[in-house]
Amino acid sequence: MQILYCGDDGMFEGVVLSTLSLLKHQTEPLNIFVMTAEVAKPIGKYTGFTDVHINQLEWLVHEHDTNSTVTKLDITDLLQNYPLTANATTFFTPYSMLRLYADLVPQLQGRVLYLDADVLCRQSFAEFYHQNLAEIEVVGVLDFYGKWFFHHQLRKFDYINSGVLLMNLDVLRQTKLLQRCRRLCRYRPMLMPDQSALNMLAHNKRLAPSRFNAQNGIEADTVFHHFSANWVAWPVPHTVAIKPWEQKKVQTDLGLHDYDDLYAEAKRIIH
């Protein structure tokens, strides 16, 4: 199984926890790719995943399965050669758009499961990963908030959340979807650049049940728990985001102790 994470070095703890959750519920070997880059923005410089952290992640993975691998994909040059200029200064970090470069990385072939670093696995995802992808570009779940505006109200298209995406790189290279997304992000400012571009331009996407990307609470059948931001109406409308690496908040504010074993194991390499 090929798994893709994207982020800067600050996402190390999230990637560790997410990876541990996959290892806990899956027996097949995992080929984990961490796409990263050195990025300089007007508001500051972001540091890509260090080799030290990649090696620590690989050690952890090999403890579970010596056939699993961890590969660092540094695409700094690609970002410089194909800059997403119009969205370079959004409040989202530039790392949220790295997945749009997946078709330019030769190490990524066939089906690849992209996960945000704030996604934890709760049970086997083999059914989701091995589904038939003939002619399908991406598979995703409706965005919890976007579905009300785009799906239920306007009924123009199914607005999927990009935090969990099963990507068919073979088809994506044929349709040039990611290339078109990069072009759109280069010339058109958008609120959620990569997610908006994928939803606007994808012609062959498939909707999966919400249990494969639960963004607003979990159920008994939840496979992927996505700790995404949620809107709170009182006292004034605002978003609240508790991330899986915020252990105390997860345990006290959310009352969740389902991941205590992951925290205990992660502490061996996270200080």
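- A salt bridge does not link D221 to R122: none of the charged nitrogens lies less than 4.0 Å from a carboxylate oxygen.
- Judged purely by distance below 3.5 Å, without hydrogens or angles, the side chains of R173 and Q179 never pair a donor atom with an acceptor atom.
- In E135, the CD atom is not crowded: 12 or fewer heavy atoms of neighbouring residues, nucleotides or ligands sit closer than 6.0 Å.
- The minimum heavy-atom distance between A208 and V139, with the atom names listed, is CB-CG1, 4.0 Å.
- A distance-only check finds a donor-acceptor pair linking the side chain of T19 to the backbone of V15 [under 3.5 Å].
- In this structure, the separation between CG on L4 and CG on L165 is 10.0 Å, given to the nearest 0.5 Å.
- Note that OG of S162 is 7.5 Å distant from CD1 of I160, once rounded to the nearest 0.5 Å.
- Sorted by first then second residue, the ring pair (Phe, Tyr, Trp, His ring centres under 6.0 Å) pairs that include residues 47-72, not counting sequence neighbours, are F12-H53.
- You'll find the side chain of Y5 reaches within 4.5 Å of the side chain of L115, heavy atoms only.
- Expressed to the nearest 0.5 Å, how far CD1 of I242 lies from CG of D253 amounts to 4.5 Å.
- Under the 4.5 Å side-chain heavy-atom criterion for grouping Ile, Leu, Val, Met, Phe, Trp and Tyr, Y82 is connected to M167 within one hydrophobic cluster.
- A chain of hydrophobic side-chain contacts below 4.5 Å, direct or via other Ile, Leu, Val, Met, Phe, Trp or Tyr residues, connects M1 to V119.
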>> For a side-chain contact (heavy atoms from CB on, under 4.5 Å) check, start with the C-alpha distance between E63 and L23, then their side-chain angles and the critical distance, and finish with the verdict.
In response: CA-CA 10 Å; E63 270 198 327; L23 293 167; over 6 Å; no
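- Considering H226, H225, M11 as possible partners of D118, the one that fulfils the side-chain contact (heavy atoms from CB on, under 4.5 Å) test is H226.
- With sequence neighbours left out, Q80 forms a side chain to side chain donor-acceptor pair (under 3.5 Å) with no residue at all.
- Counting heavy atoms from C-beta on, the side chains of D116 and R99 come closer than 4.5 Å.
- Around atom NZ of K72, more than 12 heavy atoms belonging to other residues, nucleotides or ligands sit under 6.0 Å away.
- Taking hydrophobic clusters as Ile, Leu, Val, Met, Phe, Trp and Tyr residues chained together by side-chain heavy-atom distances below 4.5 Å, I269 shares a cluster with L17.
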> Run the side-chain hydrogen bond (donor to acceptor under 3.5 Å, both in side chains) check on Q26 and S124 step by step: do they pass?
Replying inline: CA-CA 6 Å; Q26 202 57 52; S124 173; 3.1 Å; yes
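- Using a 4.5 Å heavy-atom threshold, the side chains of E13 and V16 count as separate.
- Using modelled atom types, no side-chain atom of Q215 and backbone atom of S228 make a donor-acceptor pair closer than 3.5 Å.
- R180 meets the side chain to side chain contact (heavy atoms under 4.5 Å, CB included) test with E137, T175, L177, L201, H203; sequence neighbours excluded.
- Atom CG of L254 and atom CG of D258 lie 10.5 Å apart (nearest 0.5 Å).
- For the pair I75/L98, a side-chain contact is recorded, criterion being any heavy-atom separation below 4.5 Å from C-beta on.
- Side-chain polar atoms of Y187 and R182 form no donor-acceptor pair below 3.5 angstrom.
- Of the inter-residue distances, the one linking N161 atom CG with N213 atom CG reads 4.5 Å to the nearest 0.5 angstrom.
- Proximity of D8 to T47: side-chain heavy atoms (C-beta onward) are nowhere separated by under 4.5 Å.
- Judged as a side chain to side chain contact (heavy atoms under 4.5 Å, CB included), and not counting sequence neighbours, the contacts of A197 are C181, L184, C185, M190.
- Under the 4.5 Å side-chain criterion, counting only non-hydrogen atoms from C-beta, D65 is not in contact with L30.
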>> What verdict does the side-chain contact (heavy atoms from CB on, under 4.5 Å) test give for L113 and V164, after you've listed the backbone C-alpha separation in whole Å, the side-chain angles of each residue and the deciding distance to 0.1 Å?
In response: CA-CA 7 Å; L113 175 59; V164 177; 4.2 Å; yes
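- The pair K205-D158 does not count as a salt bridge, with every side-chain nitrogen at least 4.0 angstrom from each carboxylate oxygen.
- Between P106 and L104, the shortest heavy-atom distance links the atoms CD-O, 3.4 Å.
- No donor-acceptor contact under 3.5 angstrom links the side chains of D74 and T36, judged on distance only.
- Residues N55 and V70 are not in side-chain contact: their nearest non-hydrogen atoms beyond the backbone lie 4.5 Å or more apart.
- What you find for T76 and A37 is that their closest heavy atoms are OG1-CA, 3.4 Å.
- By the criterion of side-chain heavy atoms lying less than 4.5 angstrom apart, applied directly or through intervening Ile, Leu, Val, Met, Phe, Trp or Tyr residues, V141 is grouped together with I136 in one hydrophobic cluster.
- Looking at Q107 and T71, their side chains never bring a donor and an acceptor atom within 3.5 Å of each other.
- Both I32 and I270 sit in one connected hydrophobic cluster of ILVMFWY residues. Membership requires side-chain heavy atoms under 4.5 Å apart, directly or through other members.
- Here the closest heavy-atom approach between residue E28 and residue A126 is recorded as OE2-CB, 4.3 Å.
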> Step by step, would you call V52 with Q56 a side-chain contact (heavy atoms from CB on, under 4.5 Å)?
Replying inline: CA-CA 6 Å; V52 170; Q56 288 178 311; 4.2 Å; yes
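- Not counting sequence neighbours, the partners of D260 by the side chain to side chain contact (heavy atoms under 4.5 Å, CB included) test are Q251, H257, Y263.
- Across all non-hydrogen atoms, the minimal contact from C121 to L22 is CB-CD2, 3.7 Å.
- Of all heavy-atom pairs spanning L262 and S21, the tightest one is CD1-CB, 3.8 Å.
- For residues 102-134, the pairs satisfying ring pair (Phe, Tyr, Trp, His ring centres under 6.0 Å) are F125-F224, F128-F212, with sequence neighbours left out.
- Taken to the nearest 0.5 Å, the CD atom of Q2 stands 10.0 Å off from the CZ atom of R111.
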>> Show, in sequence, the C-alpha distance, side-chain angles and deciding distance for K176 and D103, and conclude whether the side-chain contact (heavy atoms from CB on, under 4.5 Å) test is met.
In response: CA-CA 8 Å; K176 302 186 185 303; D103 60 326; over 6 Å; no
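- The side-chain heavy atoms of Y159 and Q195, taken from C-beta on, include a pair separated by under 4.5 Å.
- One N or O on the side chain of T222 and one on the backbone of E219 form a donor-acceptor pair closer than 3.5 Å.
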